[in-house]
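Chain naming here is simple, since letters A, B, ... match the order of the sequence lines and numbering starts at 1 in each.
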Amino acid sequence: MNEKFLSPYNAQKTEDAIYKKWEESGFFNPDEMINAQLTQPDAESFSIVLPPPNVTGTLHTGHASMLAIEDIMVRYNRLLGKKTLWIPGTDHAAIATQSKVEKLLQKEKIRKHDLGREEFLKKVNEFAQNSHDTIIAQCKKMGASLDWSREAYTLDEQREEAVYTAFKKMYDDNLIYRKERIVNWDTKGQTTISDDEVVRVDRPGKMYTFKYSHDFPFPIATTRPETKLGDTAVAVHPDDKRYQQYIGNEYSFNFAGADVTVKIVADEHVDPEFGVGALGVTPAHSIADWEIAERHNLPLKQIINEYGKMTIGMEGVKDTKVAQARESVVAWLESEGLLIETEDIIQSVGTAERTGAVIEPLPKLQWWIDVNKKFTLPYSNIDGITSGSQVTLKELMLQVVENEQIKIMPAQFEKQYLHWINNLRDWNISRQIWFGHRIPVWYKGEEIHVGAHAPDDSGEWVQDEDTLDTWFSSGLWTFSTLGWPNLDSKDLHTYHPTQVLETGYDILPFWVARMILMTTYLLGDIPFETVYLHGLVRDAQGRKMSKSLGNIINPVDLIEKYGTDALRMAMIVGNGPGNDVNLDENKIKAYSKFGNKLWNITRFILTETHVSDDNDLIEFSPRDKELLNEQQTLISEITKEMDEFKYYIVGEKLYHYIWHTFADEILEESKNIFENGNEIEVMSRKHFLRQTLKTMLIILHPFMPFITEEIWQDIKNDTDRDILMTALWPKY
RNA sequence: GGGCGAUUAGCUCAGUUGGCUAGAGCAGUUCGUUUACACCGAAAAGGUCAGGGGUUCGAGUCCCUUAUCGCCCACCA
């Protein structure tokens, strides 16, 4: 017996060496499995993409849990003899990464505009590369059996080709168009900022109640009178008796030197209790109003420029900053006798996180994907939609879930998905940041060219300054990682659609929905058959992990203390799809004890039996036949539950069988048999113990890959597969 | 305001087509252990499954309702 079994199991000493052994074998790559004749070339395939972690830093416990679940899926299917592929990669995560680097630069008092686009991107790429390296190392620590030879990055060359191909096709199909939309504009920084960078600050303000003109039938209320020059409508609640008679009317008048025409519209979102229950709609300078304008097809009238100055109005308004214009407009209202009431209020004002400037919502030209426009789908593998039929993106997204070609687990999220898609509006795909796929559109005067490069003709072509929403590239992930847009790619034919997408429920609308959109559109097929959604990892008390609570747990610390196997088990047992899991250190400790239990079971068996006991038996003793039957029942149950993704139950069952049946009963009973049993009983039992241990190692392998592989190396015989990872799931 | 979820042993949680004498880990109790394992074994203790009502031969599990807690989305003109 190998003397390592004389001391307790040492995960720290074992795990890195085992991972290295797997990696060197090459068997994470299904092609190598086939070459070594461990997998049949015509075997069923099982493929899954790793949701690419953002290159914004390091992996957290949520990633650890994700890797554990997916590795179980992958290892299980590999043991079933399938051609099994798990594709690794990382996500450039445009805004998240860019703002992270901006923050780091800010500490050195460097601003991105001082560096310029190229220099700044160099810094971001450097940061991304470092994050990437950390992330890959952490994935390996978790034991993830990812095929590193196929690693991808959402911003690498191959993915860029996929992105540009997809963009061009959508543009040619008239599904991509350009239109104005309200964005958060920072007048100090002269840039657009994302919603998460807007800091809400409570400030004293004034609510003005006034009439537009003496002819206008009722007053409205606002905190920003200067924007009223840009009003194109007044919104009221449809059930509000005070205003019902005016709905549909149009009024024109002069307001502080500007000609204004407003239409009275009914909108559910107006609160009749707030203010006077009537709201002047300024589509160009308020995000909320812009949304009302979208619903009612109202015109957009920009009256404030990028420097926060008014572009129209009377003397004292035009060409002044908004704060000053406000005073002028209020003074004008007073002098005209239109001002009815001024009330002091506390209002929540959006300010730029970085410059502190008050956000000025402005309309900017943006690129959009039309989800309601009919186009011809040339090829369709979607049930209920024939090749060559006219469909919209929204219809495709609904169809594949309604017809159950894609199943979402747990089922309650299916409702949520359908509800979300039914309310889906056009997707704004442009972002006013530098890091990401630059929009493949070129301008020369009025001319527009769509493609990766400017046309070769003479003349100054200028590329669009904006970049694409990060979800545009990750939406292509299941097939851009398999060779698309090269339609002859062998991987694409073998491994697409993928079988499972395993990800967090929080990105169902962002990522999952977008992958369905892109795949149904570009391939006429589904991206995956099952969506398995996991929950959040919380601390032992069920609190969300956050910097401010100081309760963030680094998975690597836990691994160093208890080993990866123990951490994986603790994260799996009791963690069903869609449920949040509380990570209790005691639970991890308990499973590290379990690992040691298995270790000691092995020690006992290696002491009491010999490899020759593996030889064919003449007959099993009646007791061992009974035990084998029990075992068969267990395996058949477990196999069924594995197929149903019930890893949380299987993990617990294995724990119980191995500890409380195999060790506590069978091993104890064996001591007596070895001492007092007849020859048949002894031989039978020795054979049984070795076979059972091997069987347990195989079925426990997906959960605790390291220790099972380590033991396998000492219990296997010449007819067994050399590496447990490549073994075959027991028959039952 | 809209949507979703949770409430089971002292603590943290399983219990997924209704069949449980309701389970696990940790903590606590009693006893034991010179070799597979103290990262141990044996035995017991602990619960009107949030409250109420209903469906059913049968409900922790399905329906209604109340209470408490939590999450997501929207919005404050």
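At the heavy-atom level, A:Asn586 lies under 4.0 Å from the strands shown only through sugar-phosphate atoms. Residue contacts shown for A:Asp664 are limited to sugar-phosphate atoms, with no base heavy atom under 4.0 Å away. Backbone-only contact: A:Tyr655 has heavy atoms under 4.0 Å from sugar-phosphate atoms and none from a base. Heavy atoms of A:Glu291 sit under 4.0 angstrom from primed sugar atoms or phosphate atoms, though from no base atom. A:Ala663 comes within 4.0 angstrom of a base, heavy atoms only. At a threshold of 4.0 angstrom between heavy atoms, the contacts of A:Ser592 include nucleobase atoms, whether or not backbone atoms are also involved. A:Lys671 comes within 4.0 angstrom of a base, heavy atoms only. The residue A:Glu668 sits close to a base: some heavy atom pair falls under 4.0 Å.
With respect to the salt-bridge test (charged N to carboxylate O, under 4.0 angstrom), the residues A:Glu608 and A:Lys671 do not qualify. Between A:Asp614 and A:Lys694 there is a salt bridge, with a side-chain nitrogen of the basic residue lying less than 4.0 Å from a carboxylate oxygen of the acidic one.
For B:rC20, the glycosidic angle deviates from 0 by 90° or less, giving a syn base.
Spacing between B:rG47 and B:rG54 at atom C1', rounded to whole Å, works out to 24 Å. Comparing the C1' positions of B:rU8 and B:rA77 gives an interatomic distance of 47 Å, to the nearest angstrom. Across B:rC63 and B:rU17, the matching P atoms stand 15 Å from one another, rounded to whole Å. If you take atom C1' in B:rU12 and the same atom in B:rG28, they sit 16 Å apart, rounded to whole Å. Nucleotides B:rG52 and B:rG41 place their C1' atoms 46 Å apart, quoted to the nearest Å. Taking atom P on both nucleotides, B:rA44 is separated from B:rG23 by 13 Å, rounded to a whole Å. Atom name P, nucleotides B:rU61 and B:rU16: the rounded distance is 11 Å, in whole Å.
The side chain of A:Trp659 places an N or O atom within less than 4.0 Å of a non-bridging phosphate oxygen (OP1 or OP2) of B:rG41. Phosphate proximity of B:rG41 to A:Lys597: present, with a side-chain N or O under 4.0 Å from OP1 or OP2. Dashed line: the shortest gap from a side-chain N or O of A:Lys593 to OP1 or OP2 of B:rC26 is under 4.0 Å.
Between A:Tyr212 and A:Tyr251, the ring centre distance reaches or exceeds 6.0 Å. Aromatic pair A:Tyr647/A:Tyr76: ring centres not closer than 6.0 Å.
Side-chain atoms of A:Ser213 come within 3.5 Å of backbone atoms of A:Phe216 as a donor-acceptor pair (strictly under, hydrogens ignored).
In this entry B:rU7 has B:rA67 as its Watson-Crick or G-U wobble partner, both defining distances falling under 3.5 Å.
The residue among A:His660 and A:Lys646 whose nearest nucleotide of RNA chain B is located toward the 5' end is A:Lys646.
Regarding A:Glu608, its CD atom lies at a distance of 11 Å from the P atom of B:rC37, rounded to whole Å.
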